[in-house]
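Read through the structure below, which is laid out as structure tokens, and then see the notes.
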Amino acid sequence: MEKKNYQYQHTLSRIKECVQKENDFLITTHVNPDGDSIASVLLFASILKHFGKRYIILLDDQIPEKFDFLSGVNEIVRFQKETYSFQPRVVVVLDASGLDRIGKVEDIIPPKALIINIDHHTSNVMFGKFNAIAPEKSSAVEIIYELFVLCNAPLSKEIATFVYTGIMCDTGRFLFPNTTYQSLSICAEMVKYGASPSIIARNIYQRMSPETLKALAKALSTLEFHFDGVVSSIYLPNDILSSNGKIDTEGFVDHLMAVKESEVQFFMLEKEPNHFRVSFRSKEYVDVNKIAKQFNGGGHIRAAGCNIDGTVDEIKNRILEVLKKHLPNK
Ligand SMILES: [Mn+2]
């Protein structure tokens, strides 16, 4: 453990040196960006600003509206087909377990670019020249905050807000087991520097569009329990999802955790007809990273995801088959 920790600290120092020495950075993160990934790109950009570096933040996805209160979010460029004249020397990939998670941005990485990989997913495949991977951390932003401190970059209310937001989102509002002494201490420190827990929570959790709440109601109406209630599932069909661009399904699966007996929860979102994004959660003993891996996905022990093609019933049955092997006495 100590050796691992030494390695991690050493990698952070090397990343700091790289940031000081190099110029022309491309910062990116995974598709379907969440609070942690958006906070991570903005926090990393603030380190580059501190050193006066040229950079671009490029994502193969739109930023959900609920994050529009984060300062600098307008700086994030959405990937489009046109070729970029900007040639990055360093590509910074945050909160992504593999390059396949960053979508089309992967295609424009120059072969000679240095890759910095900062992540907290157990399933990270170490694709960078520098890999600062710490699955014990609550979030990617927690790791980048350590780098931020190491770089002596100055804290402000805006930056404190990024860090608090990232940790709040990835700990499921401080409910998941990754809510640790360290993550809470950092959040307390951020509040000292001006981050407002109530304003942040209101921005992220209390601005849902009516269409999203209706879609949630629709998804919950598909609720099914399996294996005596140890597993529960919901789905949202594509016709509902595509009927309105304002539907944001992040966090839908978390509602299933409310039932005492439910250990594993999964949500099948039909992103395109017969193409599903599946999100898994678990509470205590099932490693859902392993379940998602069976379908070429991954993530964390308690939260993971994958893409599967087929009809909703086919997919559900395939998942239940795999889950059965991971449940005691089922
Ligand atoms: Mn994360």
Side-chain angles (χ1 to χ4, degrees), residues 29-38 59-68 76 78-81 96 100-105 169 172 203-227 229 231-259 262 264-282 288 291-299 303-323:
T29 185
H30 59 79
V31 290
N32 300 318
D34 54 20
D36 182 30
S37 54
I38 296 164
L59 264 62
D60 179 20
D61 239 327
Q62 223 172 339
I63 305 291
E65 246 178 60
K66 63 188 171 195
F67 298 111
D68 61 6
I76 300 175
R78 186 172 183 193
F79 184 88
Q80 270 151 3
K81 277 215 177 88
D100 54 333
R101 295 285 295 127
I102 64 173
K104 295 186 205 88
V105 177
C169 290
N203 271 298
I204 294 192
Y205 299 118
Q206 297 175 348
R207 287 198 297 161
M208 194 184 261
S209 69
E211 292 80 8
T212 295
L213 192 59
K214 281 184 187 165
L216 174 62
K218 180 81 192 166
L220 289 176
S221 74
T222 71
L223 175 63
E224 276 183 37
F225 291 100
H226 320 275
F227 307 118
V231 175
S232 54
S233 67
I234 54 172
Y235 77 95
L236 189 70
N238 181 260
D239 57 330
I240 307 253
L241 181 71
S242 56
S243 67
N244 191 294
K246 284 190 173 167
I247 294 174
D248 174 11
T249 59
E250 208 202 323
F252 276 23
V253 66
D254 298 334
H255 291 270
L256 305 188
M257 299 177 90
V259 175
S262 183
V264 180
Q265 303 79 30
F266 64 96
F267 168 43
M268 298 166 284
L269 173 67
E270 194 175 17
K271 294 204 85 168
E272 304 288 338
N274 290 325
H275 177 78
F276 286 78
R277 173 75 193 167
V278 185
S279 310
F280 295 95
R281 296 285 184 273
S282 71
V288 289
I291 310 292
K293 263 193 180 165
Q294 297 279 313
F295 300 99
N296 299 317
C306 60
N307 298 305
I308 318 181
D309 292 337
T311 68
V312 66
D313 285 325
E314 282 165 11
I315 288 165
K316 186 174 66 192
N317 290 331
R318 285 179 63 191
I319 293 170
L320 291 174
E321 197 100 321
V322 172
L323 270 171

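The figures that follow rest on heavy atoms only: side chains count, while hydrogens, waters and symmetry mates do not.
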Do you know which two heavy atoms are closest between [X] and [Y], and how far apart they sit?
X	Y	value
Ile234	Leu223	CG2-CA, 3.7 Å
Phe67	Cys169	CE2-SG, 4.4 Å
Ala292	Gly298	CB-N, 3.6 Å
Ala303	Arg281	CB-NH1, 3.6 Å
Ile38	Pro64	CD1-CD, 4.2 Å
Thr222	Ala219	OG1-O, 2.6 Å

Quick one: does [X]'s side chain get under 4.5 Å of [Y]'s, heavy atoms only?
X	Y	result
Leu220	Leu256	yes
Ile102	Thr29	no
Ile319	Ile308	yes
Arg318	Phe295	yes
Lys316	Phe266	yes
Lys271	Asn32	yes

Can you tell me how far [atom2] of [Y] sits from [atom1] of [X], rounded to the nearest 0.5 angstrom?
X	Y	atom1	atom2	result
Arg207	Asn203	CZ	CG	4.5 Å
Asn307	His275	CG	NE2	4.5 Å
Glu272	Asp309	CD	CG	10.5 Å
Lys214	Ile247	NZ	CD1	10.0 Å
Gln62	Phe79	CD	CZ	15.5 Å
Asp34	Ile63	CG	CD1	10.0 Å

Open item on the list: For Phe252, give me all partners under ring pair (Phe, Tyr, Trp, His ring centres under 6.0 Å), at least two apart in sequence or on another chain.
Closed with: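 Expected list: Phe267.
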TODO: For Phe276, enumerate each residue passing the ring pair (Phe, Tyr, Trp, His ring centres under 6.0 Å) test, keeping only those at least two apart in sequence or located in another chain.
DONE: none
Does [X] reach the main-chain N or O of [Y] with its side chain, forming a donor-acceptor pair under 3.5 Å?
X	Y	result
Ser37	His30	no
Ser209	Lys246	yes
Arg101	Ala96	no
Ser282	Val288	no
Asp60	Val105	no
Glu270	Asn238	yes

